[in-house]
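Take a look at the structure set out below.
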Amino acid sequence: MEQTRIGVFVCHCGSNIGGVVDVPAVVEYARALPNVVYAERNLYSCSEAGLSSLKQGIRAQRLNRVIVAACTPRTHEPLFKNACEEAGLNRYLFEFVNIREHCSWIHRKDKEQATEKAKRLIRMGVAKASLLEPQEETESNVIPAVLVIGGGIAGMTAALNLARQGFRAHLVEKQARLGGWLPHINRLCPTDEEAARLIDSVIREAQAHERIILHMPATVQEVSGYIGNFHVTVAEKEGKCTFDVGTIIVATGAEVLQPLGLYGYGRFPNVITQLELEERLRPPPSPSPVNDGGGKRWESTVFINCVGARIPERPYCSRVCCMTSLKNAIRLKKQNPAAQVYVLHRDLMTYGVEFERYYRRAMEAGVRFLRYDIERPPQVVGNGRAEAVVVWDTLRGQERRLPVDAVVLNAPLIPASDNATLSRLLKVPLAESGFFLEAHVKLRPVEFATDGVYVCGTARWPADVSESIAQAYAASAKAAIPMRAGAVTAEAITAFSVPERCMGCGTCVVTCPYQAIELRIANGGHVLSGTEGLQKQVAWVNVVQCKGCGSCVAACPSKAMQQRGFTDQQVLEMISVISGL
Amino acid sequence: MMNQSVLVIGAGIAGIQVSIDLAQMGFPVYLVERTPSIGGRMAQLDKTFPTNDCAICILAPKMIECAGHKNVHLLTYSEVVGVEGHAGDLRARVLQKPRYVNMERCTGCGECAAKCPWRVPDDFNVGLSNRRAIYIPFPQAVPRKATIDAPHCVYLQDRAKNRCRMCEKVCQPGAIDWEQQERIVELSVGAIVVATGFDPYDAGVLKEYGLGKIANVITGLQYERLVSASGPTSGELRRPSDGKPPREVAFIQCVGSRDVNYNPYCSSVCCMFATKEAILANEHDPQCRSYIFYTDLRAVGKRFQEYIARARTEYNVTYIRGRPGVIGENPQNGNPIVRYEETTAQQLRAMEVGLVVLCQALLPRRGQQDVAKLLGVELDEYGFVNAPARLRRPVDTSVPGIFACGYCSSPQDIPDSVAQASGVAARVAEMLAGE
């Protein structure tokens with residue numbers, strides 16, 4: 001076996017470390033540690049001079065393990081690992097010790113103790129380095145095709161974008177037509193363009209594109225595999241269809257709450273939903289909105305916002321409803337300027353430039369706004385039909401009685417009913433609200449924690465058309481990255497299971513946030529004594545999916561899960577050299 | 001064949017995200033940033049709503065990933081000064097300002113800034129502290145290199161007098177380079193992305209709120225620095241007049257926004273960041289109460305309503321609907337006195353608090369007009385980049401081949417900016433594919 005030859009490079013970091021830690025003493029100490037054959041100090045190990053000295057050391061001293069004692073691996077580890085590689089050393093035979101943040105910065109006032117701690121940390125690093133093993137990063141190919149689930153505006157936008165980038169796109173829509181909700185909408189806020197015109201042109205483009213394969217009406221039945229190689233089964237009218245894709249985009253949209261039992265809906269015929277109003281407002285042949293079928297013009301209409309939203313059982317704001325009520329209130333005023341149109345709201349969510357401008361337009365058009373309190377919600381009163389809305393006007397501090405010809409209820413978008421099924425199929429999580437849960441609310445809004453699966457549009461959260469389209473493009477960008485590269489490199493610091501120790505309890509399987517572990521029949525030879533003849537199930541890690549987080553290692557009750565680069569042996573050795581245990 | 005390189009203007013979170021995505025898609029990216037470091041406004045924030053993640057802790061890895069990517073060419077301390085051509089074939093001229101520091105030699109140790117005797121109000125801390133004439137803007141700056149602020153360096157102001165040169169004396173790697181000159185870099189690209197971000201509105205214009213007159217009236221961005229561990233008070237919430245921790249903090253919303261006299265639009269993020277700042281006040285001192293004076297409480301994002309509910313029930317935050325008319329000062333103790341109508345009670349009231357935070361309107365960056373003129377892109381009447389087909393093509397500007405994302409295109413929060421930025425990457429890829 002090759003003799004272990006460790007080199008230790010200690011950085012002054014100008015005076016950042018050198019001003020507190022006695023670097024020459026630390027170097028002397030390191031030189032005397034087991035397996036250390038070389039130690040030196042650098043003014044800045046990260047500078048050009050420092051790096052070439054590191055590389056020269058590796059070659060001249062035939063080092064097969066390298067330790068840099070300097071700053072934080074967060075910023076500098078890749079730099080030193082690359083230098084090792086350039087000098088012909090496997091990058092996983094490098095160990096970083098942080099003696100700046102952990103010593104000189106935090107113990108600035110106690111130079112002696114800071115120096116002592118630096119020595120101990122280096123001693124631990126040396127102990128671990130002796131046990132380091134070279135690791136290889138594995139590559140796997142990525143099929144240049146995407147599965148887009150949902151044929152609304154978001155799904156079609158994503159499919160078109162990726163098709164135009166040159167990828168095959170399987171677009172799966174559960175209904176018999178494309179378009180999602182938009183064909184039910186009259187005009188769009190804030191530009192007032194006809195929804196039909198926008199959606200029809202996108203539908204035509206999607207249908208015409210040679211690289212878009214439509215599955216419709218169809219549902220996804222089964223998905224297996226991982227980023228780059230997903231195997232998909234789709235149920236269509238004529239039976240099943242299977243194909244392989246590299247990435248998946250979830251664009252399944254949302255549903256609208258039916259406000260049954262709320263504010264007289266279902267009891268009074270002239271209490272309708274916003275969606276029903278949209279249908280009436282659409283160009284002929286739909287019925288004219290200014291009458292209710294009985295021929296009476298609507299002289300007085302009240303919109304009630306937050307119907308079934310921002311309440312304890314559904315605490316969220318659905319983001320798009322305020323704009324919808326403004327849009328339709330303005331429309332009613334346009335059709336009949338003499339009509340009274342009230343919008344009852346709790347807060348008017350017209351964020352940004354365009355929506356706020358729209359709000360002002362509504363006020364200028366004569367739409368009246370009244371702020372109600374959920375503690376004293378509006379009452380729709382009538383006999384056979386709604387006759388008035390009685391509401392406490394919080395800003396006037398008085399009760400108002402608004403006679404009505406019609407009441408329009410603005411209900412929120414709610415998660416699609418098949419989200420749970422899809423969540424299980426794709427092994428991606430739902431948030432407590434029932435919408436899909438992205439990898440990071442702030443910085444990874446369209447990605448799932450599972451590589452290769454992305455989300456956009458109202459499946460993720462209520463969004464208007466332009467937001468849904470922007471997100472659809474975003475999801476396309478994320479899906480395009482591995483597909484353009486053609487391959488993904490897997491993390492080398494991954495977990496592995498030691499079959500002899502594994503009891504097959506499955507704790508790791510449920511612990512893994514990346515669905516990287518499954519139980520498999522062990523290949524012959526790993527049979528527990530006394531159970532001869534029985535095939536034993538043991539944990540198996542798919543290294544392509546494993547992120548090396550270590551959760552399974554911590555959770556495993558029988559120490560069967562181990563992490564490359566952080567094995568029990570390595571960590572215990574680090575502890576033992578300083579504790580003397 | 002279209003040129004497959006992309007120029008990104010502005011290296012805040014939007015510019016960084018679009019650069020990373022494009023680079024990972026295989027496109028060479030030139031990322032031009034006006035200031036010495038990438039990071040933008042997000043780097044100045046303490047925490048982020050609604051998860052209370054530390055802003056710099058989640059941003060710094062992105063900054064490093066961006067700067068370290070082999071396809072990203074960073075041009076910091078640089079500005080675009082000329083653009084010509086058309087989609088697929090654009091030529092840009094970028095002015096690189098001299099840092100007077102050799103980037104290869106500088107190790108970012110900070111010794112020069114520690115010894116430089118000249119103090120300058122620190123932009124990064126929104127004027128709450130001083131930095132030196134040679135400086136690294138913040139600890140996590142990328143690139144972590146020093147820059148000499150020429151107008152504040154006594155040597156550069158009058159070389160003949162040969163004064164100071166302290167930085168040169170203490171710089172062990174010998175990185176100070178007095179001979180550096182402005183440099184023009186010519187770039188050929190296929191597409192351009194505008195991601196220039198925002199500036200806070202000068203809330204001093206609203207004289208009734210006393211910013212600059214009353215010591216304990218500060219702005220939202222100043223508050224972020226006050227509670228940040230890397231800020232001027234090392235993260236202790238202490239008010240400017242006497243350094244005492246405030247027991248009550250009032251947050252005034254819509255300062256200069258949603259107001260036809262100033263900026264009619266809604267800045268989109270203030271309701272939420274005020275809520276976060278109020279939560280942080282209580283986390284710093286569990287006795288601390290906050291009052292948020294709002295017009296409409298705009299909490300439309302994921303988990304925002306829940307965040308507000310938690311602020312109310314767990315963090316001593318009270319929401320009052322009303323726009324204060326005037327803020328005075330108690331001369332005895334320096335406490336601001338907020339006079340307002342509580343509109344839901346139809347009552348005129350006054351409240352004495354320890355600190356007032358003005359959540360001022362956010363505007364497109366100063367200089368956005370110039371950038372727009374160079375590029376020929378339309379702006380709206382407030383200076384945001386116009387998206388003529390805003391529904392169908394939300395990230396396309398009026399000029400083919402030029403795209404916009406983040407706050408410069410419309411007021412929006414971080415997740416929306418990040419999504420838009422990634423969206424731009426896909427649009428660029430689509431366009432450069434030539435279909």
Side-chain angles (χ1 to χ4, degrees), chain A residues 13-16 43-44 46-48 74-75 78 161 164-166 188 191 193 198 310 315-317 319 347-357 360 373 394-397 431 433 435 440-446 461-462 465-467 469-474 476-478 480-481 484-485, chain B residues 21 24-26 48 50-51 53 58 60-62 64 68 104-105 107 109-111 172-173 258 264-266 268 296-306 309 343-346 380 382 384 390-392 394-395 410-412 414-416 418-420 422-427 429-430 433 435:
Chain A
C13 194
S15 60
N16 274 304
L43 188 53
Y44 297 99
C46 64
S47 65
E48 269 314 304
R74 189 127 222 184
T75 54
N161 177 271
R164 287 171 180 151
Q165 288 191 53
L188 296 170
T191 57
E193 62 201 270
L198 185 143
R310 298 178 63 193
Y316 66 88
C317 157
R319 190 177 179 112
D347 285 287
L348 216 66
M349 305 297 193
T350 53
Y351 55 95
V353 173
E354 294 293 334
F355 296 151
E356 185 72 13
R357 184 171 16 229
R360 209 166 297 109
D373 186 346
T394 55
L395 299 187
R396 286 199 190 180
S433 56
F435 292 97
H440 190 277
V441 182
K442 211 72 189 175
L443 291 185
R444 296 178 68 192
V446 300
W461 190 248
V465 169
S466 89
E467 289 164 347
I469 291 180
Q471 288 170 25
Y473 282 129
S476 309
K478 296 298 176 190
I481 289 168
R484 292 180 81 101
Chain B
D21 286 333
Q24 291 187 345
M25 289 164 107
T48 59
T51 51
D53 274 318
I58 58 175
K62 287 231 176 214
I64 292 158
E104 278 70 48
R105 289 202 182 154
T107 61
C109 71
E111 198 64 21
Q172 295 180 49
R258 299 192 67 194
Y265 60 86
C266 160
S268 289
D296 286 288
L297 200 52
R298 293 186 172 163
V300 299
K302 212 166 195 170
R303 296 188 181 157
F304 287 7
Q305 290 288 338
E306 293 87 333
T343 58
T344 49
Q346 298 83 42
D380 70 11
Y382 312 119
F384 292 103
R390 80 173 47 257
L391 289 181
R392 183 73 193 280
V395 297
S410 66
Q412 56 192 302
I414 292 169
D416 286 359
V418 168
Q420 261 201 349
S422 293
V424 163
R427 277 290 295 140
E430 183 177 336
E435 195 177 312

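Each chain gets a letter, A, B and so on, in the order the sequences are listed, and its residues count up from 1.
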Which heavy-atom pair separates [X] from [Y] by the least distance, and what is that distance?
{"X": "Tyr44(A)", "Y": "Cys109(B)", "result": "OH-SG, 2.8 Å"}
{"X": "Pro445(A)", "Y": "Pro415(B)", "result": "CG-O, 3.6 Å"}
{"X": "Arg390(B)", "Y": "Ser466(A)", "result": "O-CB, 3.2 Å"}
{"X": "Val300(B)", "Y": "Trp461(A)", "result": "O-NE1, 3.0 Å"}
{"X": "Ala477(A)", "Y": "Ser422(B)", "result": "CB-O, 3.2 Å"}
{"X": "Ala419(B)", "Y": "Ala474(A)", "result": "O-CB, 3.2 Å"}

Out of [options], return the one with the most heavy atom pairs under 4.5 angstrom to chain B.
{"options": "Ser15(A), Gly352(A), Ala470(A)", "answer": "Gly352(A)"}
{"options": "His440(A), Arg444(A), Glu467(A)", "answer": "His440(A)"}
{"options": "Thr394(A), Val465(A), Leu395(A)", "answer": "Leu395(A)"}

ask   = How many angstroms lie between atom OH of Tyr265(B) and atom CZ of Arg360(A), to the nearest 0.5 angstrom?
value =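 The distance works out to 11.5 Å.
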
Please rank [options] by heavy-atom pairs under 4.5 Å with chain A and give me the top one.
{"options": "Arg392(B), Glu104(B), Glu111(B)", "result": "Arg392(B)"}
{"options": "Lys302(B), Gln305(B), Gln346(B), Gln24(B)", "result": "Lys302(B)"}
{"options": "Leu297(B), Val418(B), Thr344(B)", "result": "Leu297(B)"}
{"options": "Gly26(B), Pro50(B), Pro61(B)", "result": "Pro61(B)"}
{"options": "Cys266(B), Ser410(B), Ser268(B)", "result": "Cys266(B)"}
{"options": "Glu306(B), Gln420(B), Arg427(B)", "result": "Arg427(B)"}

Measure distances from [X] to the heavy atoms of chain A and classify the residue's part below 4.5 Å as side chain, backbone, both or neither.
{"X": "Ala429(B)", "answer": "both"}
{"X": "Arg303(B)", "answer": "both"}
{"X": "Thr51(B)", "answer": "side chain"}
{"X": "Asp53(B)", "answer": "side chain"}
{"X": "Leu391(B)", "answer": "both"}

Is chain B contacted by the side chain of [X], its backbone, both, or neither, given a heavy-atom distance below 4.5 Å?
{"X": "Asn16(A)", "answer": "side chain"}
{"X": "Ser433(A)", "answer": "neither"}
{"X": "Leu43(A)", "answer": "side chain"}

Side-chain donor/acceptor of [X] to backbone N/O of [Y], under 3.5 Å:
{"X": "Arg258(B)", "Y": "Glu356(A)", "result": "no"}
{"X": "Arg298(B)", "Y": "Leu348(A)", "result": "yes"}
{"X": "Asp296(B)", "Y": "Asp347(A)", "result": "no"}

query = Are Ile414(B) and Leu443(A) close enough, and set up right, to give a side chain to side chain contact (heavy atoms under 4.5 Å, CB included), and what steps lead you there?
reply = CA-CA 7 Å; Ile414(B) 292 169; Leu443(A) 291 185; 3.8 Å; yes

inquiry  = One thing to verify: whether Arg484(A) and Asp21(B) come together as a salt bridge, which I'm taking to mean a side-chain N less than 4.0 angstrom from a carboxylate O.
reply    =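 No, no charged N to carboxylate O under 4.0 Å.
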
query = Do Tyr473(A) and Val424(B) pass the side chain to side chain contact (heavy atoms under 4.5 Å, CB included) test, and can you show the C-alpha distance, the side-chain angles, and the key distance before you say yes or no?
reply = CA-CA 7 Å; Tyr473(A) 282 129; Val424(B) 163; over 6 Å; no

request  = Using the side chain to side chain contact (heavy atoms under 4.5 Å, CB included) rule, take Arg357(A) and Tyr382(B) through it: C-alpha gap first, then chi angles, then the decisive distance, then the call.
outcome  = CA-CA 12 Å; Arg357(A) 184 171 16 229; Tyr382(B) 312 119; 4.2 Å; yes

